[in-house]
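Below, read A as the first sequence line, B as the second, and so on, with proteins coming before strands; counting in each chain starts at 1. Scope of the values below: all heavy atoms of this structure, side chains included, with no hydrogens, waters or symmetry mates. The structure displayed is predicted, hence computed values, not measured ones.
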Amino acid sequence: MNVAAYLRRFPGWVMLVLWTVVVLVPLYALVISCFKSTAQIYANPIALPQVWTFENFVSAWESANLGRNLLNSFLVTGVAVAITIIVSAMAAYPLSRYRLQWGNLMLLLFLAGIMLPIRLASVELFNLMKTLDLLDSLFGLICVYVAIRIPFAVFIFANFMRALPRELEEAARIDGAGEFRILFEIVLPVVLPAVSIVAIFTAIAVWNDFFFPLIFIFDDSKKTVPLAISGFIGQFRTDWGMIFASLAISLAPVLAMYLVLARQIREGVGTTGVAK
Amino acid sequence: LRRDLFWVARDVVESKSEMAQRITRRGRFSLHFSAIAFILPALAIYALFVLYPLAISLWGSLFEWRGLRQMDFSGFDNFGRLFVFPNVERFSGAFFHNVVWFVGIMIFQNAFGLILAYLLFQRKRLTTLLQSVFFLPAVLSPVIVGALWRLLLAPNGMVEWLLNSAGLHEGRLTVLSDSSWALWMLIGIDAWNWMGLPVLIFAAGFRQISFEIFEAARIDGAGSARMLGSFALPMMIPAISSVTVLTFINTFNQFDIVYVMEGVQGNPGYATDTLVTYFYRLAFGAEGAVGITDIGLALALGTVLFLVVTIGTILMLRAFEKATVQP
């Protein structure tokens with residue numbers, strides 16, 4: 001590459017590097033602040049700590065009951081993802097593989113849910129949960145998340161399944177396999193990329209959600225991570241080291257997942273464009 | 001025609017086999033039954049927890065409410081109350097903030113994200129790494145992002161320290177409690193949170209444009225900026241459409257960042273109040289004043305917001321579809 005071409009590209013690189021810095025510096029400050037006392041954070045927020053101390057993590061873990069909150073979040077996310085995948089794959093299978101006159105209409109009904117502002121229904125949803133005795137319960141939270149994530153999951157599964165050749169299940173059908181077995185043993189293994197897209201984005205959305213726990217969960221022992229964090233950002237405002245440590249603990253699982261699955265996530269967002 | 005004949009012939013041959021005959025007979029009869037059985041679990045959950053609450057919320061906005069009890073039919077009374085003193089002040093303020101938020105995100109996040117995506121598209125080195133970095137904040141919970149930035153922007157926080165060290169600012173940084181700054185800070189943080197989304201969607205859009213178009217433009221002597229504006233953008237309308245619609249839906253559902261950083265009142269002095277924080281206060285009560293709710297007004301507000309979001313989304317999708325260049 002000659003010098004002129006290099007110079008032409010320089011301003012672009014400056015912009016890219018600048019945004020990288022804007023993204024990474026706050027996260028860097030978060031990580032190092034976990035190991036510093038509040039006084040040290042005040043004195044110089046971006047310097048490395050002189051002494052690396054784990055006290056903040058210990059006090060965050062003990063005083064905030066974060067372990068319990070993490071467990072709740074893992075439980076809710078795991079179960080919600082599993083149920084979402086199973087029921088959505090089941091619904092998408094006939095909608096994309098059978099010739100049904102009402103198939104497109106049904107698909108449209110599901111897809112409308114991607115756009116519907118469900119938060120506005122939260123008053124009546126609250127009344128419904130009260131009637132069903134699902135308030136203040138992790139199971140109730142799981143039901144709501146599955147219902148909210150079904151439209152996106154059906155959309156993804158239907159798109160992937162539609163592209164498969166018709167011979168795929170016809171051969172199995174002639175062999176006498178039931179529809180249930182055809183879906184779970186023949187079709188689903190072929191659309192594994194769809195399963196991973198649905199799993200990843202459902203997991204992120206459920207893990208990060210704050211609105212529904214805020215409305216439906218009151219008991220401290222049933223709070224999920226975002227709700228717990230919002231609760232004590234007000235309470236312990238003076239102990240910054242501890243808040244930073246609790247933020248770091250609560251975003252560690254998602255961050256770990258992102259480091260492992262960055263490629264799949266990038267491709268998933270690029271191709272579907274429906275991450276949130 | 002020959003192909004059709006082949007398929008017909010194949011069907012005839014197949015239907016002669018006893019096995020296939022049994023399957024088609026069973027197929028006609030049980031196809032719908034089997035389809036319904038497969039769809040039912042998802043449909044039941046979706047209908048019970050999404051469609052049903054939404055439908056009776058819309059219906060309920062036409063009734064008078066006492067606490068959580070639905071009273072008499074009152075027509076459009078709740079909507080009328082939304083547009084008169086004292087509610088209209090909160091309502092129009094929140095609506096205005098949502099509109100500003102949408103415009104702000106379109107400029108600071110989506111237009112800037114388009115430029116970043118184009119810069120990445122033109123380059124070969126480091127591009128996947130940078131895309132991963134840009135998307136990193138998007139996997140974090142808006143609550144965590146809000147809490148983090150609340151500490152960074154607070155007096156004694158990192159931003160104040162950096163600005164003071166660079167000599168750009170003196171003394172205490174109070175942007176979060178300054179009503180002329182607060183909303184813009186939240187919009188900026190939202191853009192920081194979600195910048196990776198337009199970058200990834202636009203980057204995928206650029207990759208789908210055929211290489212020949214860029215080559216032809218280059219041979220015509222088009223510069224980098226003109227290549228983006230005159231040649232690439234018209235081909236990018238599907239990507240622009242999905243980013244715009246996503247931004248629209250998410251903006252009018254904005255809640256988490258405001259709640260964590262400025263409280264459910266949209267402090268300071270309602271300067272960061274949004275339609276959903278206003279809705280939340282009406283439906284579930286504000287901090288320190290739990291119990292002062294107005295369900296009728298909340299449902300009316302919800303219905304207005306529902307209409308704005310659905311009609312807006314459909315109109316946008318239509319407009320973008322018309323503008324799409326058919327290759």
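The candidate with the highest count of non-hydrogen atom pairs below 4.5 Å against chain A, out of B/A55, B/A42, B/A283, is B/A42. Contacts with chain B were tallied for A/V146, A/V144, A/V22; A/V22 has the most, counting heavy-atom pairs under 4.5 Å. Interface check for chain A: of the options B/L119, B/N156, B/L130, the most heavy-atom pairs under 4.5 Å are formed by B/N156. For chain A, the option among B/L58, B/L299, B/L162, B/I144 with the highest count of heavy-atom pairs below 4.5 Å is B/I144. In terms of non-hydrogen atom pairs under 4.5 Å with chain A, the most contact-rich of B/L152, B/I115, B/I36, B/L140 is B/L140. Per-residue counts of heavy-atom pairs under 4.5 Å with chain A were compared for B/V133, B/I314, B/V143, B/I249; the largest is that of B/V143. Between chain B and the residues A/S122, A/P226, A/P26, the most heavy-atom pairs under 4.5 angstrom are made by A/P26. The greatest number of non-hydrogen atom pairs below 4.5 Å with chain B, out of A/L247, A/L95, A/I204, A/L24, is found for A/L247. Comparing B/Q122, B/R123, B/M195, B/M158 by heavy-atom pairs within less than 4.5 Å of chain A, the highest count is held by B/R123. Ranked by heavy-atom pairs under 4.5 Å with chain B, the first of A/T20, A/L259, A/L183, A/V17 is A/T20. Put simply, of A/P151, A/S33, A/A89, the one with the most heavy-atom pairs under 4.5 Å next to chain B is A/P151.
Closest of all the heavy-atom pairs between A/Y28 and A/A47 is OH-C, 4.4 Å. In terms of heavy atoms, A/T224 sits closest to A/P213 at OG1-CG, 3.5 Å. Of all heavy-atom pairs between B/F306 and A/L120, the closest is N-CD1, 3.6 Å. Summarising the geometry of B/R150 relative to B/V260, their closest heavy-atom pair is NH1-O, 2.8 Å, with the distance given to 0.1 Å. A/E124 and B/P53 make their closest contact through CB-O, 3.6 Å (heavy atoms, listed as atom of the first residue, atom of the second, distance).
Contacts between A/Y258 and chain B at a heavy-atom distance below 4.5 Å involve the side chain alone, from C-beta outward. For B/V50, the parts lying under 4.5 angstrom from a heavy atom of chain A are both the backbone and the side chain. Proximity to chain B is absent for every atom of A/L18, based on heavy atoms less than 4.5 angstrom apart. With a threshold of 4.5 angstrom between heavy atoms, B/P155 approaches chain A through N, CA, C or O but not through any side-chain atom. Contacts between A/L125 and chain B at a heavy-atom distance below 4.5 Å involve backbone atoms as well as side-chain atoms. Neither the backbone nor the side chain of B/W59 has a heavy atom closer than 4.5 Å to any heavy atom of chain A. Interface remark: B/A147 contributes backbone and side-chain atoms alike to the contact with chain A (heavy atom separation under 4.5 Å). In this structure, chain B has a heavy atom under 4.5 Å from the side chain of A/L255, while its backbone stays farther away. Contact annotation for B/L275: neither backbone nor side-chain heavy atoms come within less than 4.5 Å of a heavy atom of chain A. Within the 4.5 angstrom heavy-atom criterion, no atom of A/D209 approaches chain B. Only the side chain of B/I295 has a heavy atom closer than 4.5 Å to any heavy atom of chain A. For chain B, no part of A/M257 is nearby; none of its heavy atoms comes within less than 4.5 Å. Only the side chain of A/W102 comes within contact range of chain B, with at least one heavy atom under 4.5 Å from a heavy atom of that chain. Residue contact with chain A, scored on non-hydrogen atoms closer than 4.5 Å, involves the side chain of B/F112 exclusively.
Taking 4.0 Å as the cut-off between side-chain N and carboxylate O, A/R173 and A/E179 count as a salt-bridged pair. Note on A/E267 versus A/R263: salt bridge recorded, some NZ/NE/NH1/NH2 to OD/OE distance being below 4.0 Å. Salt bridge present: A/R119 and B/D256 bring a charged side-chain N and a carboxylate O closer than 4.0 Å.
Both cation-pi conditions hold for A/R149 and A/F152: the charged atom is under 6.0 angstrom from the six-membered ring centre and inside a 45 degree cone around its axis.
Partner A/Y93 forms a ring-ring contact (aromatic ring centres under 6.0 Å, His included) with one of A/Y98, A/F180, A/F184 and no other, that one being A/Y98. Residue B/L120 forms a side-chain contact (heavy atoms from CB on, under 4.5 Å) with just one option from B/L126, B/T127, B/T128, and that option is B/T127.
Between B/F255 and B/Y280, the ring planes are tilted. Angles from 30° to 60° get that label. Relative ring orientation between A/F212 and A/Y145 is described as perpendicular, the plane-to-plane angle rising above 60° on a 0-90° scale split at 30° and 60°. Ring planes of B/F121 and B/F206: parallel class, angle under 30° (limits at 30 and 60°).
Applying the 6.0 Å contact sphere to OH of B/Y52 captures no more than 12 heavy atoms from other residues, nucleotides or ligands.
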